[in-house]
Amino acid sequence: MRDSEPVNSGDPSRADPESEEFERVAGFEALSRSTLKCIKGVLWKDTPAHYFLNNIEENLTLERQLQNGKYKQKKPKKFKVYYPKERDIVSVHFRDRVFQRSLNDNILYPNISRSFIYDNMACQKGKGPDLARERLKCFLQRYYRKHGTVGYVLKCDIKGYYPNMSHKVVKDCFHKVIDGWSYKQAVCVLDGQYDTEIGFNPGSQMIQIAGIGILNALDHFVKEELRIEHYIRYMDDFILIHHDKQYLLECQVRIAQMLRGLECQFNTQKTGIFPLSDGILFLGFHYRITKTGKVIMTLNSANIKHERKKLRKLVHLCKRGLRTREKVDECYRDWKNHAAKGNSQKLLQRMDNYYNDLWKEADSNGQ
């Protein structure tokens with residue numbers, strides 16, 4: 001039986017337990033569905049396993065706390081990742097992840113994504129890096145049919161996108177699409193996990209939604225006012241293709257002005273205009289158009305160097321008994337599946353030879 005304690009409408013942390021909004025986000029059934037989503041791929045960990053084994057009691061308690069305003073987030077853990085670049089990541093406690101996932105999936109994401117353009121490709125249902133890569137190939141093929149291989153690319157990147165993201169801009173973005181109790185809960189999540197007014201650490205699903213949402217107005221500006229047909233964005237990495245270099249220079253200036261209104265700015269080292277014939281580096285692959293219109297997609301050389309170094313380390317760990325051959329082979333197969341998304345037949349043959357030689361070298365050294 002749900003707690004029948006009267007609700008104080010003046011307390012933003014309390015909710016009306018009979019409201020449809022509350023049921024969609026914090027009702028027992030909503031939290032149970034969220035739990036099933038959150039355990040995917042992590043059930044081998046202690047905390048998710050404990051929560052799942054006791055999910056009825058845990059979700060009833062969570063529902064009651066949200067209903068009477070006693071729910072409080074636990075302090076998230078922070079850690080660093082070093083590839084492809086060093087950054088701080090936030091790890092949210094599993095109970096808090098269950099609630100945030102329900103809030104995101106049932107209220108925030110459906111409302112904020114309603115006005116997204118198709119070519120906003122990150123962190124959405126039915127989209128992702130694979131579709132983004134195919135979409136860019138499609139754009140290059142379309143461009144070739146109209147203009148051949150002569151053209152220019154404006155490649156843009158935002159400086160310190162998450163570390164410099166304004167909390168006010170994110171809250172304003174959310175407030176445009178949700179209000180009431182759900183908006184107050186979203187603000188509580190942001191304020192509870194981050195104690196400054198500038199900057200977020202990736203790792204929370206809500207921050208991913210902020211990342212794809214705050215530039216939505218920019219997407220519409222590029223497509224509808226600048227009239228750029230071949231435009232694609234993956235989080236803060238976006239590309240404009242056009243036959244007129246001077247017009248792209250004008251676009252760059254106008255986009256920079258709009259970014260300032262969002263308290264963002266270009267990363268000048270990664271932003272610029274260059275000939276289409278130089279190719280495009282996007283999501284780990286290098287794209288170029290041949291004279292016949294074929295789009296060649298090859299893996300970024302930095303990724304290949306990193307994989308060679310990692311494989312050598314893994315083989316040595318295996319020979320010392322710290323890894324199994326099955327795990328090392330699985331790791332290599334995963335990389336091959338990624339590399340195979342491009343035109344990588346010869347590369348994969350070379351990597352197979354390199355991988356086999358690593359094992360032979362380890363055996364000959366008696367490791």
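Using a 4.5 Å heavy-atom threshold, the side chains of Met351 and Leu311 count as touching. By the 4.5 Å heavy-atom criterion applied to side chains, Leu66 and Gln185 are counted as neighbours. In this structure, Trp335 and Asn303 have side chains that are in contact, with non-hydrogen atoms separated by less than 4.5 Å. Between Tyr287 and Leu136, some side-chain heavy-atom pair lies under the 4.5 Å cut-off. Residues Gln265 and Leu259 fail the side-chain proximity criterion, which asks for heavy atoms closer than 4.5 Å. Residues Lys159 and Gln269 are not in side-chain contact: their nearest non-hydrogen atoms beyond the backbone lie 4.5 Å or more apart. Under the 4.5 Å side-chain criterion, counting only non-hydrogen atoms from C-beta, Asn201 is not in contact with Ile207. Looking at Phe238 and Leu218, their side chains come closer than 4.5 Å, going by heavy atoms from C-beta outward.
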Asp172 and Lys176: CA distance, side-chain angles, deciding distance, salt bridge (charged side-chain N to carboxylate O under 4.0 Å, His left out) verdict: CA-CA 6 Å; Asp172 289 346; Lys176 290 178 181 177; over 6 Å; no
Worked check of side-chain contact (heavy atoms from CB on, under 4.5 Å) between Lys360 and Asp357: CA-CA 5 Å; Lys360 293 177 182 178; Asp357 288 344; 4.2 Å; yes
Derivation of the salt bridge (charged side-chain N to carboxylate O under 4.0 Å, His left out) call for Lys155 and Asp237: CA-CA 8 Å; Lys155 191 173 189 300; Asp237 189 1; 3.4 Å; yes
Residue pair Glu21, Ser182: steps toward the side chain to side chain donor-acceptor pair (under 3.5 Å) verdict: CA-CA 8 Å; Glu21 181 183 24; Ser182 294; 2.5 Å; yes
Stepwise side-chain contact (heavy atoms from CB on, under 4.5 Å) check, Leu154 with Ile239: CA-CA 6 Å; Leu154 169 56; Ile239 290 171; over 6 Å; no
Steps toward side-chain contact (heavy atoms from CB on, under 4.5 Å) verdict (His167, Tyr194): CA-CA 9 Å; His167 291 205; Tyr194 308 96; 3.6 Å; yes
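Between Asp191 and Lys171, at least one side-chain nitrogen of the basic residue sits less than 4.0 Å from a carboxylate oxygen of the acidic one, meeting the salt-bridge criterion. Ion pair Arg233/Asp219 flagged as a salt bridge, since at least one NZ, NE, NH1 or NH2 atom sits closer than 4.0 Å to an Asp/Glu carboxylate oxygen. Salt-bridge check for Arg325 with Asp329: passed, with a basic side-chain N closer than 4.0 Å to an acidic carboxylate O. Under the 4.0 Å criterion applied to side-chain N and carboxylate O atoms, Asp105 and Arg33 are not assigned as salt-bridge partners. Remark: Lys310 engages Glu307 in a salt bridge, criterion side-chain N to carboxylate O under 4.0 Å.
For Arg323, the CZ atom counts as loosely surrounded, since its 6.0 Å shell holds 12 or fewer non-hydrogen atoms of other residues, nucleotides or ligands. No more than 12 heavy atoms of other residues, nucleotides or ligands sit less than 6.0 Å from atom NZ of Lys77.
There is no path of hydrophobic side-chain contacts, each under 4.5 Å, that joins Leu281 to Ile241. Under a hydrophobic clustering in which Ile, Leu, Val, Met, Phe, Trp and Tyr are joined whenever their side-chain heavy atoms come within less than 4.5 Å, directly or via other members, Leu36 and Leu31 fall into the same cluster. Residues Phe274 and Val253 fall into different hydrophobic clusters, defined by Ile, Leu, Val, Met, Phe, Trp and Tyr side chains chained together at heavy-atom separations under 4.5 Å. Put simply, Val153 and Ile296 are part of two different groups of oily side chains (I, L, V, M, F, W, Y) that touch within less than 4.5 Å, one to the next. No path of Ile, Leu, Val, Met, Phe, Trp and Tyr side chains, each step under 4.5 Å between heavy atoms, connects Val150 with Ile228, placing them in separate hydrophobic clusters.
Taking the six-membered ring for Trp and thresholds of 30 and 60 degrees, Tyr247 and His242 have ring planes inclined between 30 and 60 degrees apart.
The minimum heavy-atom distance between Arg101 and Ser34, with the atom names listed, is CB-OG, 3.2 Å. The two atoms that bring Thr196 and Gly199 nearest to each other are OG1-O, 4.2 Å, heavy atoms only. Residues Val92 and Pro76 approach most closely at CA-CB, 4.4 Å, considering heavy atoms. When all heavy atoms of Asn120 and Gln124 are compared, the pair lying nearest together is O-NE2, 2.6 Å. The shortest heavy-atom contact between His243 and Tyr152 is O-CD1, 3.8 Å. In this structure, Gly128 and Tyr234 approach most closely via the heavy-atom pair C-CE1, 3.7 Å.
Side chain to side chain, Arg95 and Gln65 meet the donor-acceptor criterion of an N or O pair below 3.5 Å. Between the side chains of Asn267 and Thr271, no donor N or O sits under 3.5 Å from an acceptor N or O. Remark: the Tyr332 side chain and the Asp352 side chain contain an N/O donor-acceptor pair separated by less than 3.5 Å. A donor-acceptor contact closer than 3.5 angstrom links the side chains of Asp96 and Tyr71.
Judged by a 6.0 Å distance limit and a 45° cone about the ring axis, Lys336 is not positioned over the six-membered ring of Tyr355. In this structure, Arg133 fails the cation-pi test against Phe282, since its NZ or CZ atom is not both closer than 6.0 Å to the six-membered ring centre and inside 45 degrees of the ring normal.
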Side-chain donor-acceptor pairs of residues 45-56 under 3.5 Å, sequence neighbours excluded:
{"unit_1": "Tyr51", "atom_1": "OH", "unit_2": "Asn59", "atom_2": "OD1", "d": "2.6"}
{"unit_1": "Asn54", "atom_1": "ND2", "unit_2": "His50", "atom_2": "O", "d": "2.8"}
{"unit_1": "Asn55", "atom_1": "ND2", "unit_2": "Phe52", "atom_2": "O", "d": "2.7"}

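For Tyr161, the side chain to side chain contact (heavy atoms under 4.5 Å, CB included) criterion is met by Ile158, Met165, Ile214, Leu215, Met235, Asp236, not counting sequence neighbours. Checked against side-chain hydrogen bond (donor to acceptor under 3.5 Å, both in side chains), Gln193 has the following partners two or more places apart in sequence or in another chain: Gln100.
Between His220 and Phe116, a ring centre-to-centre spacing not shorter than 6.0 Å is recorded. Ring centroids of Tyr162 and Phe200 are separated by 6.0 Å or more, keeping the two rings apart.
A distance of 14.5 Å separates SG of Cys318 from NZ of Lys313, quoted to the nearest 0.5 Å.
For the pair Ser102 (side chain) and Val25 (backbone), a donor-acceptor distance under 3.5 Å is present.
Screening Arg142, Lys146, Lys223 for a side chain to side chain donor-acceptor pair (under 3.5 Å) with Glu229, the sole residue that qualifies is Lys146.
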